[in-house]
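Scroll down for the structure; my scribbles are underneath it.
Sequence lines set the chain letters: A, B, ... in the order given, protein chains first and strands last, and positions in each chain run from 1.
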Amino acid sequence: MSDDRDEARQRLKAAVHYAVGRMCQRIGEEHRRELSRQVVAAIAETTFRQCDIFAKDLEAFARHAKRSTVSSDDVKLIARRSTALSVYIHNKSEELNQEQRNLKKKNTGKRKSRDTEESRE
Amino acid sequence: MAEKDAEVGFKKETVSKLLSEFFKEDKTRLSGDATLLMTELLKIFVQEAAVRSLKQAESEDCDQVDVEHFEKILPQLLLDF
């Protein structure tokens with residue numbers, strides 16, 4: 001049964017490698033230099049291993065807050081080591097909250113206008 | 001469709017599965033917001049790795065970015081994350 005586990009892991013690694021490859025190609029084009037296949041593979045492998053560290057940290061932070069669901073607060077903690085990164089993640093989180101608030105307002109707006117139309121009939 | 005490739009990054013389904021793979025407890029879950037933020041974070045991680053390697057190669061006047069350039073920037077990259 002551990003073969004399924006290995007297969008899943010291999011597929012994940014491949015997915016990471018593919019995404020990393022596309023990003024490296026884009027960045028190489030922008031800077032007019034090519035990143036060798038070994039570099040792409042090395043970045044993909046490093047990213048994969050870094051996810052292990054991120055995941056364990058996220059889990060520990062959530063558990064420390066007596067939660068079993070990892071939240072955006074936990075992600076903000078992960079980004080604490082670099083100020084620029086921390087600011088970026090905080091801003092992204094604010095953006096997401098704003099989008100969700102806008103979405104809620106849109107939906108309640110639609111419902112209200114539908115109600116008034118029905119009452120007119 | 002040309003607009004689509006403005007931003008190349010990870011798919012949030014991939015990120016979700018990737019992180020879940022490494023959780024120690026079965027009951028640990030990832031919220032939607034956390035997944036989106038981690039998708040951003042990982043994109044930055046890869047971008048930093050690539051751009052720093054590239055700058056290293058440029059500073060050494062190399063045409064191609066090789067593993068040796070990546071190896072030189074790796075320690076600081078890991079410290080920054």
Shorter than 4.5 Å, heavy atoms on both sides: which option in [options] has the most such pairs with chain B?
{"options": "A/Ile43, A/Leu58, A/Asn97, A/Asp74", "answer": "A/Ile43"}
{"options": "A/Ala60, A/Cys24, A/Ser68, A/Ala62", "answer": "A/Ser68"}
{"options": "A/Arg33, A/Lys76, A/Glu34, A/Gln100", "answer": "A/Arg33"}
{"options": "A/Leu35, A/Asp52, A/Leu12", "answer": "A/Asp52"}
{"options": "A/Gln38, A/Arg81, A/Met23", "answer": "A/Met23"}

Validation row: B/Glu21, A/Arg5 side chains within 4.5 angstrom (heavy atoms) |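 B/Glu21 vs A/Arg5: side chains touch.
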
Decide yes or no for A/Thr47 and B/Phe10: does some side-chain heavy atom of the first lie under 4.5 Å from some side-chain heavy atom of the second?
->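 Yes. Closest side-chain heavy atoms under 4.5 Å.
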
Using non-hydrogen atoms and a 4.5 Å limit, figure out which bit of [X] sits close to chain A: side chain, backbone, both or neither.
{"X": "B/Glu48", "result": "neither"}
{"X": "B/Ile44", "result": "side chain"}
{"X": "B/Phe81", "result": "both"}
{"X": "B/Leu42", "result": "side chain"}
{"X": "B/Phe45", "result": "side chain"}

Could you tell me which of [options] has the largest number of non-hydrogen atom pairs under 4.5 Å with chain A?
{"options": "B/His69, B/Lys17, B/Glu25", "answer": "B/Glu25"}
{"options": "B/Leu41, B/Leu74, B/Leu78, B/Asp80", "answer": "B/Leu41"}
{"options": "B/Ser53, B/Ala50, B/Gly32, B/Ala57", "answer": "B/Ala50"}

Around atom CG of B/Asp63, are there more than 12 heavy atoms of other residues, nucleotides or ligands at under 6.0 Å?
->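 At most 12 heavy atoms, drawn from other residues, nucleotides or ligands, come within 6.0 Å of this atom.
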
Counting only heavy atoms not in B/Asp26, do more than 12 fall under 6.0 Å of its CG?
->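 No - once you tally the heavy atoms of other residues, nucleotides and ligands closer than 6.0 Å, there are 12 at most.
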
With a 4.5 angstrom heavy-atom cut-off, which part of [X] approaches chain B: side chain, backbone, both or neither?
{"X": "A/Val16", "result": "both"}
{"X": "A/Gln25", "result": "neither"}
{"X": "A/Leu96", "result": "side chain"}
{"X": "A/Tyr88", "result": "side chain"}
{"X": "A/Arg9", "result": "both"}
{"X": "A/Leu85", "result": "side chain"}

Carboxylate-amine/guanidinium contact B/Glu58 A/Arg32, below 4.0 Å =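 Looking at B/Glu58 and A/Arg32, the cut-off is not met.
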
What is the minimum heavy-atom distance between A/Ala55 and B/Phe22, and which atoms define it?
->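 Scanning both residues completely, I find the closest heavy atoms to be CB-CB, 3.6 Å.
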
Which heavy atom in B/Leu19 sits nearest to a heavy atom in A/Cys51, and how many Å separate them?
->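 In this case the closest contact between B/Leu19 and A/Cys51 is CD2-O, 3.8 Å.
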
Please name the residue in the list B/Val46, B/Val65, B/Val51 that meets the side-chain contact (heavy atoms from CB on, under 4.5 Å) test with A/Ile27.
->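 Per the side-chain contact (heavy atoms from CB on, under 4.5 Å) rule, the option paired with A/Ile27 is B/Val51, out of B/Val46, B/Val65, B/Val51.
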
Identify which one of B/Leu37, B/Asp33, B/Leu36 satisfies the side-chain contact (heavy atoms from CB on, under 4.5 Å) criterion when paired with A/Ser93.
->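 Exactly one candidate clears the test, B/Leu37.
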
Do side-chain atoms of [X] reach the backbone of [Y] as a donor and acceptor pair under 3.5 angstrom?
{"X": "B/Lys24", "Y": "A/Lys56", "result": "no"}
{"X": "A/Arg63", "Y": "B/Thr28", "result": "no"}
{"X": "A/Ser72", "Y": "B/Ala34", "result": "no"}

If you round to the nearest 0.5 Å, how far is CZ of A/Arg67 from NZ of B/Lys27?
->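 Taking NZ in B/Lys27 and CZ in A/Arg67, the distance rounds to 12.5 Å.
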
